Structure formats: structure tokens, C-alpha cells
Asks: 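Have a look at this one before I ask anything.
Heads up: numbering here begins at 1 and tracks the sequence. Order of listing sets the numbers, starting from 1, for every ligand and every atom in it. This structure is a prediction, so every number in the text was calculated from the model and none was measured.
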Amino acid sequence: RSWLSPDVDECEVGVCEGVCVNTMGSYSCRCEGRQGLRLAEDQRSCEEVPVCVQLYDYKHSEMLYLGEQFTGGPVIYLRFRLPENTKFAAEFDFRTFDPEGVVLYAESSQDSWFMLGLRGGRIEVQFKTQHSMKVTSGGKAINNGQWHVISVDELESSISVKISKEAVMSINSPESLLLPQNDHKNNDSITVKQPSYNQPPDDIDVTPVQINARLDGCIRGWNLMNQGASGVKEVIQEKKSKHCFLHVERGTYFTGAGLAHFNVDYRESGSWRVDLKMRIRPSSSTGVLFALVLNDTVPLSVAVVTQGPDEADLQVFLDGVSVATLQSLMLCYPDRLSVELTVTPTSLEIVANTSTWSYSLPDGALDRLNNTMMTHSVRTCIGGLPDEVPVSATPVTAYYHGCMDINVNARLLDFDEADTKHNSIKSHSCPPVSPPQDTL
Ligand SMILES: *[C@@H]1O[C@H](CO)[C@@H](O)[C@H](O)[C@H]1NC(C)=O
Ligand SMILES: *[C@@H]1O[C@H](CO)[C@@H](O)[C@H](O)[C@H]1NC(C)=O
Ligand SMILES: *[C@@H]1O[C@H](CO)[C@@H](O)[C@H](O)[C@H]1NC(C)=O
Ligand SMILES: *[C@@H]1O[C@H](CO)[C@@H](O)[C@H](O)[C@H]1NC(C)=O
């Protein structure tokens, strides 16, 4: 029997450590705030949601995670004061599964900057000098999760980009990338104003070709402007959120600390349809995978729900009432479980391999959802519920902790393109359950 069932007859303040909820006349005590709590066996005190699949989620203090900041400033901001006629130079190891984003951005003045990024997994270089602007891409796709040595060198009249010491690009550039600034006439040094990482400044739209700057990637072994790792190490080491996981695999990782919002239109030719295809590997046994939210209500949600030690099931809720349950030994299991959910005005169906499912869809349960979907724009929330939704709105409100890939109405969600995304969500990388055999 689920701890979610309202089998506590009364839960007065003081008896229930969590929130006392009245669902259709019967009371239940609920614990889940967003901090990953659940009701203990005594039905009144709260305890932490157990971890059901332990991850190999060690971090390395000399690997800089580039995806930390979703909005705001650069991940790292460094300034160099360099002798005149210094050439631009950078070398580092780089690892990502992300196809698009900015790896490095440097500028020496308003009209002189350099950007190294990825598009379609291949290296793209954009730069502007006083009189020209260039966009070039080349080489093979490198977003395969392996480490690659990347080097960029400004030569006499060209810029050379190498991957693993092999030249992949040579771009003509008659002018120097790093110009001494005019207002430093009497100054015999150049201030490279901003070799900043991953987050170009607000005027990125001067970039000739738009790029989705957000990048879930990792850098180690720096040598910038031939200064070695100076400046970089200190910045990385001071903050754990800037460290990368030692090993990663494909997928989107939710740490259980936040959610992402997407704008999805479910209406089609006078009706609507919600079509989810998910591959999930929960690490904690309770958490919201997917939810449609309208103000402080949750018309539809799908969540992992604890059933026992190392045991969980998947439940679908309509306005907080569980209407379908899927049981699978593949939840809380190192492999990923594929689940498909289709909801239309007249049907709700959930399918997954090696599992059993049961429905308890009351008559008319879908009418209300139909009405909501036909008359409002709902918000699509992945990995949790927004703060304005009270704990009483639906039995599971805890953030999801684990790995997930999700297709919504035939669109694979790229979390770099989310309307908002919590900083803790890694859009293209998940820590594995165990380290790979050929370690590093
Ligand atoms: C060079 O210019 C910078 C920025 O204006 C200034 O802080 C610095 O003192 C100048 N150095 C010399 C040697 O004039
Ligand atoms: C949602 O909130 C808005 C603004 O507060 C309100 O106008 C609207 O009626 C609400 N919708 C529902 C379905 O409660
Ligand atoms: C179930 O397994 C079959 C064969 O392995 C596969 O073709 C199908 O896509 C799977 N279905 C789901 C929902 O994972
Ligand atoms: C869904 O709602 C629309 C508009 O309110 C209505 O026309 C339609 O008949 C409803 N569908 C069902 C299956 O109830």
C-alpha cells in the first residue's frame, strides 16, 4: 500500500510533521516539500527520500564545468595584461556531448573579439577585427563525450585551429586579433579585456551568426595566452559547482534541486494531445518527471513514487489524483527504462517494457483536463514543480533526481533551449552508475 494513500484519518497540527491535506473528505499527512522528504512508516514524521541507484558522481577540482551559469555573467572572467604584438593563443582539453555552445570568448576591444564554439558538434570560430568579420567551421564532430586537445594559435596572418595536434582550420586574418586599444595610446601593454568562458556579453548579437551559447561541457589542462594555468586554477578550485563530473554519459541530469520550463503547444486542429517518450533512470525513488501547470494547479503530472527500500513505481496524476500506476523492476535499476505516455481528450495510455500497469481513471476525469487544455495555455515543467504550486496540489512535489531524455510531442527537449532551467540541471551529461573500464 502506498504511503501516498490517504489512510491517516486525522492529521491535526502537531501529529503530522508535514502538511495535513484533505483529499475528498479523507485526511493525509504529506511531507514532500521540495527538499526530497517523504512520509515515514509511522505516517506522521518526515524522512529523506532514499537514494535507490547510487551514481559514480565524483567531481574533479581541476576540471572546469562550462554550463554552470544559465543567465548572467561568464563562468570565468580573466584579464590578461600582455606585451604589445602578443598573438592570441589557447590550448586545453575539452569534453562534451552537447552539439552547440560557446567554449571560449575573448575580446580586446568593442570591435575586436574572438569566439570558439561548437555547432552540430563541429568547431566553429567567429571573430571580428577592426575591418573584417569571419565565421568558419571545420573538422569532425567532437561532441562524443571523449576528451579532445584543442589549440588555437594566431600566426602571422592566419588563425590555426588544431584538434589533437591535427590542423582542422586555417583562417586568413591579415589583422591582429588583439589590438592595442586607442585609449591606451601611452600604454605599452594590451589589456585583453575578457577571455570569458561560455557566456558572451550582452552584445553577442553583433555575432554574425547566432549561436545558442549555453554549453554543457568541460575543460581541463589549460594554457591561455601562453600563461599556463595561472588564474584559472584558483577560480575553479574555490567553487564546487564549477567542477565537472569525472565521468559522464549521454542524457540530461537532474540533481534534485530544481526544474526546467518549456513552452509547448499541445493543441492541434481543434483538439490536443500530450505525447511523451521518456528514457529515465531515477537515482532517488521520488520525484516529478513531467507536469503541466496552470497557476497553482497541476492538471497532469507523472512522477516516480517510493514503494519501499530500492523500490518505486511510476504514477500519473490528474489534478493530484493518481489515475495510472506502472510497476517495473527497471525503476531503481542501473539501466534506463523507456516509458511512453499518450493523453488525449478521450484516452490515457502508458506503455513500458518489462512492466505492468493499472488504471483507475474515474468517469469524467479527462473532461476537466480537456477543458483546461482547450481554454488555457499550460506551462510544461520538467523535473519538478514551480514554487507557487503548494504541496497540497498534488501528492508528489519533490524534484526529480536522476537521468532522463524526454520527447514531448515528437520534439526531443534540449535543456539548453529551455525557457528557464535551474543551474543544477546538466543538459547533456549524466554521471554513470560505475566508472567506465578504460578509466581516463
Ligand atoms: C595602462 O592602462 C591601464 C588602463 O587604463 C592603466 O590602469 C595602467 O596604469 C596603464 N599602464 C601604464 C604603464 O601606463
Ligand atoms: C490564473 O491566474 C490568472 C492571474 O492571476 C487569473 O486571471 C486566471 O483566472 C487564473 N486561471 C485559473 C484557471 O485559475
Ligand atoms: C520495447 O522493446 C522493444 C523491443 O526491444 C522495442 O522495439 C520497443 O521500442 C520498446 N518499447 C518501449 C516503450 O520501450
Ligand atoms: C473538449 O473540449 C472541447 C472544447 O471545450 C469540446 O468541444 C470537446 O467536445 C471536448 N472533448 C471531449 C472528448 O469531451
Side-chain angles (χ1 to χ4, degrees), residues 2 4-6 21-26 28 259-280 288-305 313-328 338-353 355-397 400 404 406-413 417-420:
S2 162
L4 287 167
S5 58
V21 178
N22 181 342
T23 317
M24 292 181 282
S26 69
S28 62
L259 74 149
H261 289 277
F262 282 87
N263 194 358
V264 182
D265 191 355
Y266 298 94
R267 282 171 282 195
E268 48 179 45
S269 52
S271 187
W272 57 273
R273 181 183 182 87
V274 177
D275 229 326
L276 302 184
K277 289 187 172 59
M278 302 182 274
R279 283 179 69 237
I280 57 170
V288 176
L289 295 163
F290 171 91
L292 298 180
V293 172
L294 180 63
N295 292 355
D296 58 355
T297 67
V298 187
L300 172 71
S301 67
V302 185
V304 184
V305 185
D313 64 17
L314 209 66
Q315 296 188 23
V316 181
F317 299 93
L318 293 181
D319 278 314
V321 178
S322 176
V323 295
T325 301
L326 182 135
Q327 280 164 327
S328 172
S338 294
V339 183
E340 298 183 15
L341 173 73
T342 307
V343 191
T344 69
T346 51
S347 67
L348 185 150
E349 197 183 5
I350 187 163
V351 182
N353 281 338
S355 60
T356 57
W357 55 94
S358 57
Y359 297 93
S360 51
L361 200 61
D363 276 349
L366 285 167
D367 291 351
R368 213 172 136 181
L369 182 62
N370 180 49
N371 188 44
T372 303
M373 299 299 280
M374 293 301 289
T375 55
H376 295 86
S377 305
V378 289
R379 294 160 81 191
T380 300
C381 300
I382 314 288
L385 294 169
D387 283 343
E388 62 268 27
V389 174
V391 177
S392 57
T394 188
V396 181
T397 54
Y400 175 64
M404 154 159 52
I406 181 166
N407 261 279
V408 179
N409 288 25
R411 167 184 166 206
L412 177 65
L413 298 186
E417 285 165 7
D419 288 348
T420 65

Asks: Inspect the surroundings of CZ in R368 and state if more than 12 heavy atoms from other residues, nucleotides or ligands are less than 6.0 Å away.
Replies: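 12 or below, so no.
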Asks: At a heavy-atom distance under 4.0 Å, which protein residues reach ligand 4? Sort them by chain and number, would you?
Replies: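 Answer by chain and number: P345, T346, N370, M374.
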Asks: When the side chains of residues 342-349 are checked against the rest of the protein, which donor-acceptor pairs come out under 3.5 Å, sequence neighbours left out?
Replies:
residue	atom	partner	partner atom	Å
T342	OG1	D275	OD1	3.3
T344	OG1	T346	N	3.3
T344	OG1	S347	N	3.1
T344	OG1	S347	OG	2.8

Asks: Shortest non-hydrogen contact from S338 to R279?
Replies: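 Looking at all heavy atoms of both residues, the closest pair is OG-CG, 3.4 Å.
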Asks: Kindly indicate whether the side chain of L289, heavy atoms from C-beta on, has any atom under 4.5 Å from the side chain of L314.
Replies: yes
Asks: Side-chain contact, heavy-atom cut-off 4.5 Å: R379 with D419?
Replies: no
Asks: Answer yes or no: is there a side-chain heavy-atom contact under 4.5 Å between N295 and H376?
Replies: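 Not in contact.
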